[in-house]
Chemist: 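This structure is in structure tokens; I'll ask about it shortly.
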Amino acid sequence: MMHISDITDKPGFADIVADRGWHAWWTQTDVTRAQYRARLDAVFAGDPIPFALVAHEGDTYAGSVLVIADDLSARPDYTPWIAALWVEPERRRQGIATQLLSAARTQAAERGHRTLYLCANPDKTPFYQAQGFRLIETGVSGLDIFQG
């Protein structure tokens, strides 16, 4: 059975969350995997933002999502952001991303943030719109920006 947990309750998943995020979005930058992993440590500080959620079946990782203060330097006034949504390739198209997004929105609301932003490649627009996010900008650093 799939569970969505705050990573502070499942810290053993932190390295895999960092690994997936770094490989998906940061390998073509100057940020090292170790630096990316160190940034993830902020979710353990106990502040309302950032936080990370992990989808898992027992000790088997299925996916994760972060909620962070800033994900796009071109839009500093937007905050907080859903970021680094990842589902393992063999687990895709099973509703896990939808569960992670829903849980992230719920947790953010419980922490006082009813509005969230996210940026994604334009080919992901139909997915995010189906999740109830509203497209608010296109072509910002090649990305679409959503509010939800």
Chemist: Determine whether a donor-acceptor pair (N or O, by modelled atom type, separation under 3.5 Å) exists between the side chain of Asn121 and the backbone of Asp123.
Modeler: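 Here the side-chain-to-backbone pair does not exist.
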Chemist: I need the minimum non-hydrogen distance between Asp70 and Trp81, along with the two atoms involved.
Modeler: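 Smallest heavy-atom distance, with atoms named: CA-CD1, 3.6 Å.
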Chemist: Following the transitive rule for hydrophobic clusters with a side-chain heavy-atom cut-off under 4.5 Å over Ile, Leu, Val, Met, Phe, Trp and Tyr, establish whether Leu143 and Leu66 coincide in one cluster.
Modeler: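 Linked within one cluster.
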Chemist: So, for Leu40 and Ala14, which heavy atoms are closest and what is the spacing to 0.1 Å?
Modeler: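 Minimum heavy-atom contact is CD2-O, 3.3 Å.
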Chemist: For a quick test of reading the model, state the closest non-hydrogen atom pair linking Met1 to His3 and the distance between them.
Modeler: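 Residues Met1 and His3, closest heavy atoms: O-CD2, 3.2 Å.
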Chemist: Measuring from Asp144:CG to Gln129:CD, what's the distance to the nearest 0.5 Å?
Modeler: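 Answer for the CG-CD pair, Asp144 versus Gln129, is 8.5 Å.
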Chemist: Taking the side chain as every heavy atom from C-beta outward, state whether Tyr117 and Gln147 have any atom pair closer than 4.5 Å.
Modeler: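 They are in contact (side-chain heavy atoms under 4.5 Å apart), so the answer is yes.
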Chemist: Just grab all the side-chain hydrogen bond (donor to acceptor under 3.5 Å, both in side chains) pairs involving residues 95-104, residues at least two apart or on different chains.
Modeler: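 Listed once each, the pairs are Thr98-Gln131.
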Chemist: Side chains of Arg93 and Val87: closer than 4.5 Å at any heavy-atom pair?
Modeler: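 The answer is no, as the side chains (C-beta and beyond) never meet within the 4.5 Å cut-off.
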Chemist: Minimum heavy-atom separation for Lys10 to Ser5, with atom names?
Modeler: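 So the minimum-distance heavy-atom pair works out to CG-CB, 3.8 Å.
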Chemist: Rounded at 0.5 Å granularity, tell me how far CZ in Arg39 sits from CH2 in Trp26.
Modeler: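 If we round to the nearest 0.5 Å, Arg39:CZ and Trp26:CH2 are 4.5 Å apart.
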Chemist: Roughly how far, to the nearest 0.5 Å, is the CD atom of Gln94 from the CE atom of Met2?
Modeler: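 Rounded to the nearest 0.5 Å, the CE-CD separation comes out at 7.0 Å.
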Chemist: I would like to know whether Ile49 and His113 meet side chain to side chain contact (heavy atoms under 4.5 Å, CB included); could you show each step before the answer?
Modeler: CA-CA 9 Å; Ile49 303 294; His113 299 280; 3.6 Å; yes
Chemist: Could you state whether Phe51 and Ile96 fall into the same hydrophobic cluster, counting links through intermediate Ile, Leu, Val, Met, Phe, Trp or Tyr residues with side-chain heavy atoms under 4.5 angstrom apart?
Modeler: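 Yes, one cluster joins them.
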Chemist: Do Leu135 and Leu85 sit in one hydrophobic cluster, given that two such residues count as connected whenever their side-chain heavy atoms are within less than 4.5 Å of each other, even indirectly?
Modeler: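 Yes; tracing contacts between hydrophobic side chains, which count when under 4.5 Å, links both residues.
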Chemist: Is the terminal nitrogen or CZ of Arg20 (NZ for Lys, CZ for Arg) located under 6.0 angstrom from the six-membered ring centre of Trp25 and within 45° of that ring's axis?
Modeler: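 So Arg20 doesn't make the cation-pi contact.
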Chemist: If you group Ile, Leu, Val, Met, Phe, Trp and Tyr by side-chain heavy-atom gaps below 4.5 Å, do Ile82 and Ile68 land in one group?
Modeler: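 No, Ile82 does not connect to Ile68 through the hydrophobic network.
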Chemist: If hydrophobic clusters are built by linking Ile, Leu, Val, Met, Phe, Trp and Tyr wherever their side-chain heavy atoms come under 4.5 Å apart, do Val54 and Leu100 end up in the same one?
Modeler: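 In one cluster: no.
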Chemist: So, using ring pair (Phe, Tyr, Trp, His ring centres under 6.0 Å) as the criterion, who are the partners of Tyr128 when residues are at least two apart?
Modeler: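 Testing Tyr128 for ring pair (Phe, Tyr, Trp, His ring centres under 6.0 Å), a comparison that skips the adjacent residues, returns Phe146.
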Chemist: Below 4.5 Å, heavy atoms only, C-beta onward: do Trp86 and Val17 meet side chain to side chain?
Modeler: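 No, their side chains stay 4.5 Å or more apart.
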Chemist: Please tell me if the side chains of Ile7 and Leu53 come closer than 4.5 Å, counting only heavy atoms from C-beta onward.
Modeler: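 A side-chain contact under 4.5 Å is absent here.
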Chemist: Should Leu118 and Ile145 count as side-chain neighbours, where that means a heavy-atom distance under 4.5 Å?
Modeler: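 No, too far: nothing below the 4.5 Å cut-off.
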Chemist: Should the heavy atoms of other residues, nucleotides or ligands under 6.0 Å from CG of Asp59 be counted, would the total exceed 12?
Modeler: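 Atom CG in Asp59 is not packed in, count stays at 12 or less.
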Chemist: State the CG-CG distance between Asp77 and Leu72, to the nearest 0.5 angstrom.
Modeler: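 So the gap between those two atoms works out to 11.5 Å.
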Chemist: Looking at Leu116 and Ala104, what are the two nearest heavy atoms and their distance?
Modeler: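 Nearest pair, atom of Leu116 first, then Ala104: CD1-O, 4.2 Å.
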Chemist: For the atom pair CH2 (Trp22) and CZ (Arg37), what is the distance rounded to the nearest 0.5 Å?
Modeler: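 Trp22 atom CH2 to Arg37 atom CZ measures 15.0 Å (nearest 0.5 Å).
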Chemist: For the CG atom of Leu101 and the OG1 atom of Thr106, what is their distance to the nearest 0.5 Å?
Modeler: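 So the gap between those two atoms works out to 10.5 Å.
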Chemist: So which heavy atom on Arg33 is nearest to which on Asp15, and how close?
Modeler: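 Nearest heavy atoms, Arg33 then Asp15: NH2-O, 3.1 Å.
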Chemist: Between Arg75 and Asp71, does any NZ, NE, NH1 or NH2 come within less than 4.0 Å of an OD or OE carboxylate oxygen?
Modeler: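 Here Asp71 does not pair with Arg75 in a salt bridge, since their nearest N and O are not under 4.0 Å apart.
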Chemist: Please examine the side chains of Phe44 and Pro11, heavy atoms only from C-beta on, and report whether any two atoms are closer than 4.5 Å.
Modeler: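 Touching, per the 4.5 Å side-chain cut-off.
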